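Each remark here refers to the structure printed beneath this line.
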Amino acid sequence: KSPKWAIAYKFKPEVKETKLLDVQYQVGRTGAITPVASLEPVYISGSTVSRCTLHNEEEIKRLDLHLGDTVKVIKSGEIIPKIIEVVTKLRQPDSIPISFAPFCPVCNGELYRGEDSPISYCTNTNCPAQIQRQLEHFCSRDAMDINGLGESLISRFIELGLIKCIQDIFALDYQSIAELDRLGAKSAQNLKAAVEESKTKNFDKVLFALGIRYVGDKTARTLASFFGNIDALLTADIETLKSVPDIGDIVANSVFSYMNNDNNKILIEDLRRIGLNFTFTSDQVSNALSSRTFLVTGTLPSLGRKEIEALVLKHGGKIVSSVSKNLDYLIVGDNAGSKLSKAQKLGSVNIINEADFIGMIEDN
DNA sequence: CCTCAGATTACGCAGGTTAA
DNA sequence: TTAACCTGCGTAATCTGAGG
C-alpha cells in the first residue's frame with residue numbers, strides 16, 4: 001500500500017514565501033467559523049495566491065502563526081493553496097500571535113466548540129451571515145439552481161430589505177429590481193424566469209436546498225426516493241429514518257429534529273403553497289446501469305457534466321464523488337486531472353470516454 | 001476499531017452576459 | 001469598451017458518519 005503523500009505530491013510542489021497580512025473569519029451556512037489567511041499576493045504554480053484557508057483553531061496553533069509572519073506556501077495538487085510552515089527566523093520579536101476569534105465576526109454571537117471537535121460554531125440562529133449563506137445554498141446550482149441570484153445579488157437584496165428569508169425569494173418585486181443600479185428590465189426578467197423555473201425542480205433538489213445538517217445532495221436523493229414526499233418525512237420517527245440505507249444515528253436525528261422544528265414546518269408549508277415540488281418523481285427510464293457507479297472528470301466533447309450525471313441516474317446508475325475501489329466507470333474528457341491517474345493506479349476502474357458511455361445506454 | 005465516502009468549506013481560472 | 005457578476009470547470013483538507 002502506498003503512503004498518502006505519494007498521491008498528494010506526485011510532483012514536488014513549488015514552495016514560495018510570502019507574508020501573512022491578516023486572518024479573517026468566515027461564517028458558513030451551518031455557523032461554522034473558518035479562519036482564512038490574507039496573504040501578500042504571490043505567484044505560485046501558474047496563478048496568484050492571496051488567500052488560504054486555515055481550517056480551524058488547531059491549525060493556527062499547529063502553525064503557531066503570528067501577524068506579519070513570513071510563511072511558506074504551496075499549492076497542494078497544483079490547485080489549493082496551503083501554508084506549510086512559518087519562517088520563524090524572519091519573525092519580528094514584537095509580533096502578535098493569532099488568537100482565534102472570541103465571538104462571531106458578523107453578529108458577535110457566542111461561539112460553541114464541542115469537546116472533541118476542532119470547529120467552532122456561531123450559536124445565533126438569526127446570525128445574518130448564516131442566513132445569507134443559507135439563501136446562497138438554496139439558490140445554488142445543485143439545489144434550486146436559480147440562475148443569476150448569486151452571492152452578490154443576495155447580499156444586495158438583503159441590504160435593501162428585499163429578502164429576509166427563503167420565502168421572500170418567491171415574492172420579489174421585479175419592477176423595482178429593474179430600477180436598481182446595474183440591473184435592468186432584462187436582468188429582472190431573467191431573474192423572474194429563473195425563480196419560476198425553480199418550482200419545477202424535483203423533490204430531492206428541494207430537500208437538499210433546505211440545508212439540513214448532514215444532508216448533502218446524495219443523502220437528499222436517498223431520502224427523497226425512499227420516502228417519496230415531504231409528508232412521509234415530516235411524520236417519520238427516528239427508527240424509520242435509521243432503517244434507510246446509509247442513514248445512521250446522527251443523520252436520522254438531524255433530519256428528525258429539522259422536521260419537528262416549528263419554524264421549519266412553517267417554511268415547508270409556505271414553500272408548498274408557493275408551488276415548490278414536495279413529491280419525488282422518479283425520472284428513471286431504464287436499469288441499464290443499475291448497481292454500477294460512475295464519476296466524470298475533465299471536459300467532455302458534447303455533454304456537460306450535469307447532463308452526464310443526470311443520464312447516469314436516469315438509467316439506474318449511481319454517481320460517486322471520489323475514485324476508489326467502489327468506482328466502476330470513470331468517464332474521462334479533456335484536461336482530466338488526478339482522478340484519472342488515481343483510477344489508472346487502482347487498475348480496477350473501467351476508464352471510458354463520452355462515446356463509450358453513450359453506447360452503454362443508447363438502446364434504452 | 002478501521003476504512004471509506006459524504007459533507008462542508010475552501011481557492012483559481014476562463015468565459016459569458018449585462019448594464020452603464 | 002469596461003466593470004461587475006455569475007457559471008461552470010477544475011481541485012484539496014478536514015472532519016465525521018456509516019458500516020464491515
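In the text below, chain A, chain B and the rest are named by the order of the sequence lines, each starting its count at 1. These numbers come from a predicted model, not from an experiment.
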Ignoring the backbone of A:Asn190, work out which of B:dT18, B:dT9, C:dC6 is nearest its side chain. B:dT18
Among side-chain atoms of A:Ser257 and A:Asn260, is any donor-acceptor pair under 3.5 angstrom? no
In whole Å, I'd like the distance from the CZ atom of A:Arg62 to the P atom of C:dA13. 11 Å
Side chain of A:Val36 (C-beta onward), nearest among C:dT14, B:dG6, B:dA10: B:dA10
When A:Gly148 and A:Lys242 are each assigned the nearest nucleotide of DNA chain C, the 5'-most assignment goes to A:Gly148
If you check every side-chain atom of A:Leu153, which of B:dG6, C:dA18, C:dC6 has the closest atom? C:dC6
Ring centres of A:Tyr329 and A:Phe294 under 6.0 Å apart? yes
Side-chain donor-acceptor pairs of residues 154-164 of chain A under 3.5 Å, sequence neighbours excluded:
| unit_1 | atom_1 | unit_2 | atom_2 | d |
| --- | --- | --- | --- | --- |
| A:Arg156 | NH1 | A:Asp181 | O | 3.1 |
| A:Arg156 | NH2 | A:Asp181 | O | 3.1 |

Which of the following nucleotides, B:dG6, C:dA13, B:dT9, is nearest to the side chain of A:His55? C:dA13
Among B:dT9, C:dA18, B:dA10, the one nearest any side-chain atom of A:Thr53 is B:dA10
Considering all heavy atoms of both residues, which atom of A:Glu17 and which atom of A:Val42 are nearest to each other, and what is their separation? O-CG2, 4.2 Å
Give the minimum heavy-atom separation between A:Glu59 and A:Leu54, together with the two atoms involved. CB-O, 2.9 Å
Over how many whole Å does the gap from A:Glu151 atom CD to B:dT9 atom P extend? 13 Å
Answer yes if the side chains of A:Gln132 and A:Arg29 hold a donor-acceptor pair under 3.5 Å, and no otherwise. no
Atom CG of A:Asp142 and atom P of C:dC9: how far apart are they, to the nearest Å? 10 Å
Checking all strands, does A:Ile247 fall into the base, sugar-phosphate, or nothing category for heavy-atom contacts under 4.0 angstrom? sugar-phosphate
Roughly, in whole Å, what's the span from CG in A:Leu241 to C1' in C:dG17? 15 Å
Taking the side chain of A:Ser50 as heavy atoms from C-beta outward, which of C:dT14, B:dG6, B:dG12 is closest to it? B:dG12
If you take any heavy atom closer than 4.0 Å to DNA chain B, which residues from residues 124-132 of chain A end up in contact? none
Between C:dC6 atom C1' and A:Arg156 atom CZ, what is the distance in whole Å? 14 Å
Where each residue is assigned the nucleotide of DNA chain B containing its nearest heavy atom, which of A:Ala188 and A:Pro35 is assigned the position nearer the 5′ end? A:Pro35
Please list all pairs meeting ring-ring contact (aromatic ring centres under 6.0 Å, His included) that have one or both residues in residues 193-238 of chain A, counting only residues at least two apart or in different chains. A:His137-A:Phe208
Might you point out which heavy atoms bring A:Ile83 and A:Cys52 nearest each other, and give the distance in Å? N-SG, 3.6 Å
Between B:dG6 and A:Thr222, is there an OP1 or OP2 to side-chain N/O distance shorter than 4.0 Å? no
Contact under 4.0 Å: A:Arg133 side-chain N or O vs B:dT9 OP1/OP2: no
Assess the side chains of A:Asp173 and A:Ser176: does a donor N or O sit below 3.5 Å from an acceptor N or O? yes
Ranking B:dA10, B:dT18, C:dA18 by distance to the side chain of A:Ser187, first place goes to B:dT18
Integer-rounded Å distance: B:dT9 C1' and A:Gln134 CD: 15 Å
Look at the side chain of A:Tyr214 and decide which nucleotide, out of B:dT9, C:dG17, B:dC11, has an atom nearest to it. C:dG17
Find the distance A:Glu59:CD to B:dT8:P and express it as a whole number of Å. 21 Å
Comparing A:Ala220 and A:Cys52 on DNA chain B - which has the more 5′ nearest nucleotide: A:Ala220
Between A:Arg51 and B:dC11, does any side-chain N or O lie under 4.0 Å from OP1 or OP2? yes
A:Asp249 CG - C:dA18 C1' separation (whole Å): 11 Å
N or O in side chain of A:Arg29 less than 4.0 angstrom from B:dT8 OP1/OP2: yes
If you assign A:Ile119 and A:Ile146 each to the DNA chain C nucleotide with the nearest heavy atom, which residue ends up on the more 5' nucleotide? A:Ile146
Looking at C:dG17, B:dG6, B:dA7, which one has an atom nearest to any side-chain atom of A:Asp217? B:dA7
Among C:dG17, C:dG8, B:dG6, which is the nearest nucleotide to the side chain of A:Ile250? C:dG17
Would one find a side-chain N or O of A:Asn56 under 4.0 angstrom from OP1 or OP2 of C:dC15? yes
Can you tell me if A:Thr219 touches the phosphate of B:dG6, counting only side-chain N or O atoms and a distance under 4.0 Å to OP1 or OP2? no
Less than 4.0 angstrom between a side-chain N/O of A:Gln26 and OP1 or OP2 of B:dA10, yes or no? yes
